Structure formats: C-alpha cells, structure tokens
Amino acid sequence: MRVLIVGGSGFLGGELVRRCAAAGHEVGATYLTRPGEPAQATWLRVDVRERRDVAAALDAFGPEVTINAAYRQGDWAVTAEGAAHVAAGVARTGGRLVQVSSDVVFSGAGKRYDETCPPDPITPYGAAKAAAETAVRAVLPGAAIARTSLILGHGRSGHETLVRSLATGAGEGVLFTDDVRCPVHVRDLAAALEEAGVRGLSGVLHVAGADAVSRYELGVLIARRDGLDAARLRTGRRAGSGVPGPLEVRLDCSATRQRLRTRLRGAREFLATSDAS
C-alpha cells in the first residue's frame with residue numbers, strides 16, 4: 001500500500017515512516033528543513049502552510065493512505081490551515097486520511113473524555129487542533145481523527161529529556177503533580193495510526209495509554225527506568241502557576257480499543273523496563 005506521512009521528519013512522523021516501511025508499504029514522507037533516512041521513504045519537501053505544496057506532493061506520490069502528523073505549537077497556519085490543506089488534497093486525489101489530533105482540544109473541566117465529547121479548548125494550540133478536526137470532518141467525513149496524549153519513547157521525547165535534565169541536576173524546574181495525562185508509547189501510537197489507515201477506520205479515535213498519571217509520577221517512572229535518582233525531581237502545582245492549559249485530561253479510549261487490534265500500553269507498563277522493546 002502507498003502511504004504518505006505528512007510531517008515525516010518529526011518524532012512521531014519518523015516512527016511512522018519506520019513502522020510503515022517495516023510493514024512493507026511504499027512510503028512517502030514530507031519534510032520542511034531536513035529529510036529523514038532515504039532508504040525508508042521517498043522524501044518530499046512540503047510546506048503545509050502552502051496549499052499548492054500539499055497538492056503537488058499528493059499528485060506526485062499518489063498515496064492510498066495519508067497520515068497527517070504535522071503540527072507546530074504556536075503556529076495556527078501549520079496546525080490548523082495545514083490540516084485543511086491536507087484534507088482538501090486527499091479529497092481531490094482520493095484515498096484515506098488519518099489526522100493526528102491531541103487531548104489539548106479539551107479544557108480539563110470534565111472527569112473523562114470519550115470519543116463523543118466535543119472539543120472545548122482553552123489554549124491557542126488547543127483551538128488550532130480543534131479547528132483542524134473541524135476542517136477535516138467537513139472536507140472528508142470518512143476520515144479518521146486520532147486524538148492522543150503525551151508521546152514518549154526511545155528516550156527522545158521532550159518529557160524524557162526534561163526529566164533527565166532535572167534528575168541529573170543539569171536543569172532547573174518542577175514537575176506538576178496536578179497535571180494528568182494518559183501517555184502513549186510512540187511505537188504503539190504509530191502502530192495504531194498505521195492500522196487505522198490500512199483498515200480504513202473512520203470517525204474519532206482516542207489513541208492514548210491505559211494509565212492516567214501526573215507529570216511528576218511520569219517523571220519518577222522515567223528516572224527509575226534510566227537508573228537516575230528520582231528523589232532529585234522537585235514537585236509543583238500547575239494550578240496557580242501561570243502556565244496555561246488544562247489540568248487533568250483523561251482520555252477514555254474504551255470504544256477505540258474495541259475497534260483496534262493494536263494494544264495501547266500504559267506508562268507504568270512500558271516504562272517498567274528498557275524502552276528498547
């Protein structure tokens with residue numbers, strides 16, 4: 001199957017490229033500044049903010065499945081308008097679309113959020129992700145919209161880097177005890193997104209880990225996995241800190257798990273041993 005990864009040079013995008021190539025798909029991937037491994041994909045330079053760029057890439061590669069993992073916090077044009085451009089391009093050329101979304105579309109006012117919950121963002125980035133969902137659903141009603149949470153894996157995620165910095169004394173800061181998410185391993189997420197595209201799943205999917213943990217608890221799990229001193233991690237509270245964004249966002253993935261064959265592990269499981277597996 002011909003699979004195009006939009007945003008293939010990013011953390012999730014790179015894992016998707018590796019996953020799809022290993023599965024035997026013919027893979028195309030877009031980048032803006034630096035292409036990835038040439039043996040794994042056909043690399044296409046695309047600025048998703050430019051509709052003509054997106055259309056040209058789709059015409060050139062002719063994908064049967066497109067997975068849009070492109071985003072940039074603080075850049076509405078990349079996150080929201082870029083998703084609209086991808087959806088419009090797929091609608092014109094044909095094929096399936098999987099749009100990667102996020103739990104930031106929710107305010108945290110609810111105790112749990114299942115796939116039927118409408119977005120109620122409270123940050124500009126959350127609003128951009130919600131706008132992307134709206135554009136995709138309007139242009140391609142049969143698309144899959146996959147909301148996920150904190151993405152970890154291979155020691156390369158932003159949160160893992162932060163925890164190592166704090167646990168070794170190289171950096172300063174705190175980990176919030178009241179900021180709760182459902183972290184997912186990048187490998188599990190990539191497998192679920194590939195499955196959604198190949199099997200033609202549609203509608204809203206919640207693709208997150210099985211455990212709801214605070215940033216601090218997550219930090220302790222990472223430090224222990226890496227053999228670092230978790231006692232060096234300082235705690236704080238996001239409430240009243242001035243840091244914008246929701247507090248507890250617990251994605252209920254029950255309905256999605258019934259549709260997926262991919263098992264989505266919780267952070268307590270995938271951080272219990274070496275992250276290499």
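Just so you know, residue 1 is the first one in the sequence shown, and it goes up from there. What you see is a predicted model; the values in this text were computed from it and never measured.
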Could you go through the side chain to side chain donor-acceptor pair (under 3.5 Å) check for S157 and E160 one step at a time?
CA-CA 5 Å; S157 68; E160 288 165 286; 2.5 Å; yes
Run the side chain to side chain donor-acceptor pair (under 3.5 Å) check on H185 and E269 step by step: do they pass?
CA-CA 10 Å; H185 194 289; E269 178 183 349; over 6 Å; no
Could you walk me through whether D53 and V48 satisfy the side-chain contact (heavy atoms from CB on, under 4.5 Å) test, starting with their C-alpha distance in whole Å, then the side-chain angles of each, then the deciding distance to 0.1 Å, before giving a yes or no?
CA-CA 7 Å; D53 269 21; V48 296; over 6 Å; no
Show your working on side-chain contact (heavy atoms from CB on, under 4.5 Å) between L44 and L4 and close with a plain yes or no.
CA-CA 10 Å; L44 305 145; L4 178 65; 3.9 Å; yes
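At a threshold of 4.0 Å, the pair R263-D188 does not count as salt-bridged, since none of the basic side-chain nitrogens sits closer than that to a carboxylate oxygen.
Partner of D103 under the salt bridge (Lys or Arg N to Asp or Glu O under 4.0 Å) criterion, chosen from R181, R112, K129: R181. Checked options L175, V180, D179; the residue passing with R238 is D179 (criterion: side-chain contact (heavy atoms from CB on, under 4.5 Å)). V184 pairs in a side-chain contact (heavy atoms from CB on, under 4.5 Å) with only one of the listed residues (L12, L251, T148, D211), which is T148.
Y125 contributes no side-chain N or O that, together with a main-chain N or O of G245, makes up a donor-acceptor pair within less than 3.5 Å. Checking side-chain atoms of T30 against main-chain N and O of R45 turns up no donor-acceptor pair under 3.5 Å.
Counting all heavy atoms, side chain and backbone alike, Y113 lies closest to V249 at CD1-CG1, 4.2 Å. The two residues V207 and A146 have their closest heavy-atom pair at CG2-CB, 4.0 Å. Listed here is the closest heavy atom pair of G13 and I5: O-CG2, 3.9 Å.
Annotation: cation-pi pair R2/F61 present, NZ/CZ under 6.0 Å from the ring centroid and within 45° of its normal.
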